[in-house]
Amino acid sequence: MHFRFAIAVAALCLSYLALEWHNGRAQMADFRVYYDAANALVNGDVLYGKAFGVSSGFYKYSPFACLPFIPLALLPYEVASVVYYILVTTAIIFFSLRVSNDIVGNSKELNHTNYLPILVGIFLIDHLERELHLGNINLFLLMMLYQVYKKLIDGKEIQGGILYGLILLFKPHFLLLLPYFVWKKHLKTVLFSGATILVGLAVPAAISGWHANTDLVAQWFKAISDHNVALQ
């Protein structure tokens, strides 16, 4: 069942990509932002306050969040976008199966249910379609957040904290979970997430230099502030 599910999802996603290309909609606007931002970081160009790809394509994430996209930025954009699309497709398959297996493993009544991956996929289909169309990172962050949950359930607060810190380096919106961790007394999680953020903010200095990286971090905080003001 799982093999057939993986093949079916892969076929659907690749068909959707072909349809996007045929209709001239395979722009992956969000991925374009990450791709161009990674190039800007490597080349020492402007990272914040500049639109990448489309008029609204401003990079609003930490300098650290560029790092995973640097290998893709070495490729021509058309090739990199297809590679990233395949990565998102693989993540959809993996995450659907992982959640389904966990549900079955925690329920004696569902041990013989083979259709959970399909149900999980249907439940998430609207969000997954946007991930494929825009090329965003929300699915990968959701997978990491699910791992945080699993780590905390297993009592591995340090590992959970490191993962949570990495998530915040991409999207600080997940600070909404911080009061919950404090309430549940996951103090190690909070401590190590903070330490991970500090390390993550320093790592890009290996590429841009310490002073330039300090400026980038300051620009990131300003970008976050400007974005929040725009939403008010």
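Below, each value reflects all heavy atoms present in this structure, side chains not excepted, and no hydrogens, waters or symmetry copies. The shown structure was predicted, so the numbers you read here are calculated from the model rather than taken from an experiment.
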Ring pair (Phe, Tyr, Trp, His ring centres under 6.0 Å) filter on F181, not counting sequence neighbours, yields Y164
How long is the span from the CG atom in L19 to the CG atom in L12, to the nearest 0.5 Å? 12.0 Å
Can you tell me how far CD1 of I93 sits from CD1 of I7, rounded to the nearest 0.5 angstrom? 7.5 Å
Could you report the tightest heavy-atom contact between G200 and L169, atom names first, then the distance? CA-CD1, 3.8 Å
Taking C-beta and beyond as the side chain, do L177 and L145 meet within less than 4.5 Å on heavy atoms? yes
What orientation do Y180 and H186 show, parallel under 30°, tilted 30 to 60°, or perpendicular over 60°? tilted
Single-linkage hydrophobic cluster V182~Y149, side-chain heavy atoms < 4.5 angstrom: yes
Look at the aromatic rings of F31 and F69 and report parallel, tilted or perpendicular, splitting at 30° and 60°. tilted
Report the residues that fulfil side-chain contact (heavy atoms from CB on, under 4.5 Å) with K185, sequence neighbours left out, ordered by chain and then residue number. none
What pairs with N136 under side-chain contact (heavy atoms from CB on, under 4.5 Å), at least two apart in sequence or on another chain? D30, Y34, E131, N138, K171
May I ask whether F58 and F170 are part of the same hydrophobic cluster, defined by side-chain heavy atoms of I, L, V, M, F, W, Y residues being less than 4.5 angstrom apart, directly or through others? no
Charged N to carboxylate O below 4.0 Å: is that the case for R32 and D36? yes
Qualifying residues under side-chain contact (heavy atoms from CB on, under 4.5 Å), relative to P76, sequence neighbours excluded: E78, V79
Can you hop from I167 to L176 via hydrophobic side chains spaced under 4.5 Å? no
Within this structure, what is the CG-CD distance for the pair N213 and Q219, rounded to the nearest 0.5 Å? 10.5 Å
Considering non-hydrogen atoms only, spot the tightest contact between C66 and A38 and give its length. O-CB, 3.8 Å
May I have the step-by-step check of side chain to side chain contact (heavy atoms under 4.5 Å, CB included) for I162 and Q159, ending in yes or no? CA-CA 5 Å; I162 293 172; Q159 296 179 26; 5.7 Å; no
Name all residues meeting the ring pair (Phe, Tyr, Trp, His ring centres under 6.0 Å) criterion together with F192; count only those two or more places apart in sequence or in a different chain, and write none if there are none. none
With sequence neighbours excluded, give me every salt bridge (charged side-chain N to carboxylate O under 4.0 Å, His left out) pair touching residues 85-99. R98-D102
Summary of side chain to side chain donor-acceptor pair (under 3.5 Å) pairs that have at least one residue in residues 63-76, sequence neighbours excluded: none
Qualifying side chain to side chain donor-acceptor pair (under 3.5 Å) pairs, either residue in residues 6-17, two or more places apart: Y16-E129
Under 4.5 Å between side-chain heavy atoms, hopping through other hydrophobics if needed: is there a path connecting F174 to L187? no
Rounded to the nearest 0.5 Å, what separation is found between the OH atom of Y84 and the CD1 atom of I137? 6.5 Å
In a table with atom names and distances, give each donor-acceptor pair under 3.5 Å that connects a side chain of residues 201-209 to protein atoms at least two apart or in another chain.
unit_1, atom_1, unit_2, atom_2, d
S208, OG, P204, O, 3.2

Side chains of residues 41-49: which donor-acceptor partners sit under 3.5 Å, not counting sequence neighbours?
unit_1, atom_1, unit_2, atom_2, d
N43, ND2, N39, O, 3.0
Y48, OH, Y61, O, 2.5

What residues form a side-chain contact (heavy atoms from CB on, under 4.5 Å) with I86, not counting sequence neighbours? V82, T90
E157/L152 under side chain to side chain contact (heavy atoms under 4.5 Å, CB included): CA gap, chis, key distance, verdict: CA-CA 5 Å; E157 290 198 29; L152 295 185; 4.1 Å; yes
Determine whether Y77 and Y85 fall in the same hydrophobic cluster, where Ile, Leu, Val, Met, Phe, Trp and Tyr are linked whenever their side-chain heavy atoms lie under 4.5 Å apart. yes
Close side-chain approach of P172 to W220, heavy-atom, < 4.5 Å: yes
I'd like to check T89 versus L132 (side-chain heavy atoms, cut-off strictly below 4.5 Å). Are they in contact? yes
Ring pair (Phe, Tyr, Trp, His ring centres under 6.0 Å) with F64: which residues, sequence neighbours excluded? none
Does any non-hydrogen side-chain atom of F94 lie less than 4.5 Å from one of M143? yes
Could you state the interatomic distance from NZ (K151) to CG (L163), rounded to the nearest 0.5 Å? 7.0 Å
Supply the atom-to-atom distance L166 CG to S62 OG, rounded to the nearest 0.5 angstrom. 9.5 Å
